[in-house]
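Sequential numbering from 1 along the given sequence is applied to the chain's residues. None of the values given here were measured: they were computed from a predicted structure.
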Amino acid sequence: MANGERKFNARLIIGYKEDENGNIRIVEDEAKAVRDIFELYISGYTYREIIKHLEDNKIKTAKGNLKWRVSNIASILSNEKYCGDMICQKTYTPNFLDHAPKKNNGEIAKYLTVDHHEPIISREVFSYVQFLKEMKKEQRSARNSLYTPISGLIFCNYCKRPLHRIIAHPKTPGERAILTCKEHKGVCHINSSLDYELTLKIVERVVSNRLNKEEINETLVSSLHDFERIKAFTSKLDDSNYELKDNQNKLKTLIKEQVSSPIPLDEFNAKYEELAAQIKKSENELNKVRKDEMNYYQSTINESKLQTYLKGEKILNINVVENCIFKMIAMGTKTIKIILNDGKITEQFFNDHYDDFIRVKPIKADFEKGTRDFVYYEIIRPEDVYGNIENN
């Protein structure tokens, strides 16, 4: 492993095989599937949407199955072997009696061999996908843990907590999905629960009424796959990371030297504060690089999803909904207020003028009725709140 001579088992990975001489070779038709997976992920496809594409095209897994799992996609997208590198000892066996493998979290050494074999995708594309995975994970953790097309958009008027989807009365004739306030049994004094399917129908109606082809600019998702752009971004990200780590290491060295060979305290404090300021600056620059790229990525994906929606593939997802709806406020078990997204409204403005949004006259009030329940809704335009504030 240390000499970089360890081979991987090509039978367990799609896209490669071992020839009669023991050399690792690319299997081109399988490699195309791997490239498709990376490209689809960059294009904003979810794991399940990627699975549908693979299964619709009768593409087999490494074990020859036509049925794909989310874990298969996650494994491929995080496997450094596809960019020609190889990390050995990702797992180890602590007990030789049961041979149970355990993930190596630093208990023993890992070995990275760069350019170990011929790559299927570029190292820049692989790094970019890792960046997207990390950023999307941060976004998901900031949203409701149970993902829906309206995750993070609807919250309780009383405790200001997000509503999440649960199944009420499971495995009974009365089983149904509802959106409920997490805090209604504790902090919140009401049960802000809404029928999920009726709420979704309302959202679909609002989205359909808001969207038309004239409002959307044509944006090609292929711009996300521009190699030179990805290369420039990953290089900038690496530089920012290097600068941050370099300053952090300098600070650690300063502290170690102070312990072994102390200098006057005022001189140490001055050096410490200077390095701490540089670290803060490096952190801000790194965060800006990451945020700018994610904003560009998200805006491109949003317009792509809208185009897909407008072309007749009525797939309601968070990207489409957020372009039309800014927030939804659950006023109780039967009522929601829907704040439209005008492209200018900000979280700060919404929070500062929350009461104005509650009181403003809606442009439309209606209800959606099901077999056992109904949901009343009011639609509010931000411009009406702007106007009220100006008049006052």
Side-chain angles (χ1 to χ4, degrees), residues 138-166 177-184 187-188 190-211 215 294-295 298-299 301-303 305-306 309 316-368 375-389:
E138 291 177 7
Q139 289 180 340
R140 283 196 299 272
S141 64
R143 291 185 187 280
N144 193 339
S145 59
L146 193 55
Y147 186 82
T148 73
I150 54 177
S151 292
L153 291 182
I154 185 166
F155 63 93
C156 173
N157 176 53
Y158 297 91
C159 68
K160 306 300 185 291
R161 299 277 182 162
L163 269 63
H164 67 296
R165 180 179 178 273
I166 65 170
I178 62 171
L179 291 164
T180 185
C181 170
K182 288 184 177 181
E183 301 296 327
H184 75 266
V187 177
C188 194
I190 67 150
N191 181 352
S192 295
S193 61
L194 298 163
D195 185 284
Y196 174 73
E197 297 299 335
L198 294 181
T199 304
L200 213 55
K201 284 183 180 180
I202 293 170
V203 170
E204 288 174 342
R205 185 182 301 168
V206 173
V207 168
S208 294
N209 290 338
R210 289 277 289 172
L211 292 180
E215 292 177 339
M294 202 58 191
N295 285 341
Q298 199 64 60
S299 64
I301 292 300
N302 283 352
E303 294 203 14
K305 298 285 187 182
L306 286 171
Y309 189 90
L316 194 67
N317 56 59
I318 192 70
N319 305 93
V320 174
V321 175
E322 283 184 335
N323 274 273
C324 303
I325 297 174
F326 181 74
K327 294 286 183 186
M328 294 190 289
I329 309 170
M331 305 302 294
T333 59
K334 308 289 185 186
T335 306
I336 54 175
K337 289 182 181 287
I338 299 175
I339 316 298
L340 298 179
N341 191 351
D342 64 350
K344 297 179 289 187
I345 186 172
T346 64
E347 291 279 350
Q348 186 64 51
F349 181 86
F350 177 74
N351 292 333
D352 291 345
H353 300 281
Y354 183 84
D355 291 341
D356 295 308
F357 281 96
I358 296 296
R359 291 193 298 261
V360 72
K361 183 179 179 181
I363 60 169
K364 181 179 180 180
D366 204 345
F367 68 93
E368 183 72 37
V375 175
Y376 174 80
Y377 66 97
E378 296 178 346
I379 300 177
I380 297 165
R381 297 186 305 183
E383 50 262 47
D384 292 335
V385 176
Y386 304 153
N388 284 356
I389 293 172

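The minimum heavy-atom distance between Lys361 and Asp384, with the atom names listed, is O-OD2, 4.3 Å.
Without hydrogens or angle criteria, His164 side chain to Leu179 main chain gives no donor-acceptor distance under 3.5 Å. A donor-acceptor pair under 3.5 Å is formed between the side chain of Asn341 and the backbone N or O of Glu322.
For the pair Leu194/Leu163, a side-chain contact is recorded, criterion being any heavy-atom separation below 4.5 Å from C-beta on. When side chains are defined from C-beta on, Lys327 counts as touching Phe155, because their heavy atoms get closer than 4.5 Å. With a 4.5 Å cut-off on side-chain heavy atoms, Asp342 and Phe326 do not count as touching. At a threshold of 4.5 Å between non-hydrogen side-chain atoms, the residues Val375 and Lys334 do not count as touching.
With rounding to the nearest 0.5 Å, the separation of OG1 in Thr199 from OH in Tyr377 is 11.5 Å. Taking OH of Tyr376 as the reference point, atom CD1 of Ile202 lies at 11.0 Å (rounded to 0.5 Å). Note that CD1 of Ile178 and CG of Asp195 are 8.5 Å apart. Values are rounded to the nearest 0.5 Å. Rounded to the nearest 0.5 Å, atoms CG (Asn157) and CD1 (Ile358) are 4.5 Å apart. His353 contributes atom NE2, which lies 11.5 Å from atom CG of Asn388 (distance to the nearest 0.5 angstrom). Interatomic distance, Ile380 CD1 to Ile339 CD1, rounded to the nearest 0.5 Å: 4.0 Å.
A side chain to side chain contact (heavy atoms under 4.5 Å, CB included) with Ile379 is found for exactly one of Lys337, Arg205, Lys364, namely Lys364.
By the neighbour-count criterion of 12 heavy atoms within 6.0 Å, atom OH of Tyr354 is densely surrounded, having more than that number from other residues, nucleotides or ligands.
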Trace of the side-chain contact (heavy atoms from CB on, under 4.5 Å) decision for Leu153 with Val203: CA-CA 11 Å; Leu153 291 182; Val203 170; over 6 Å; no

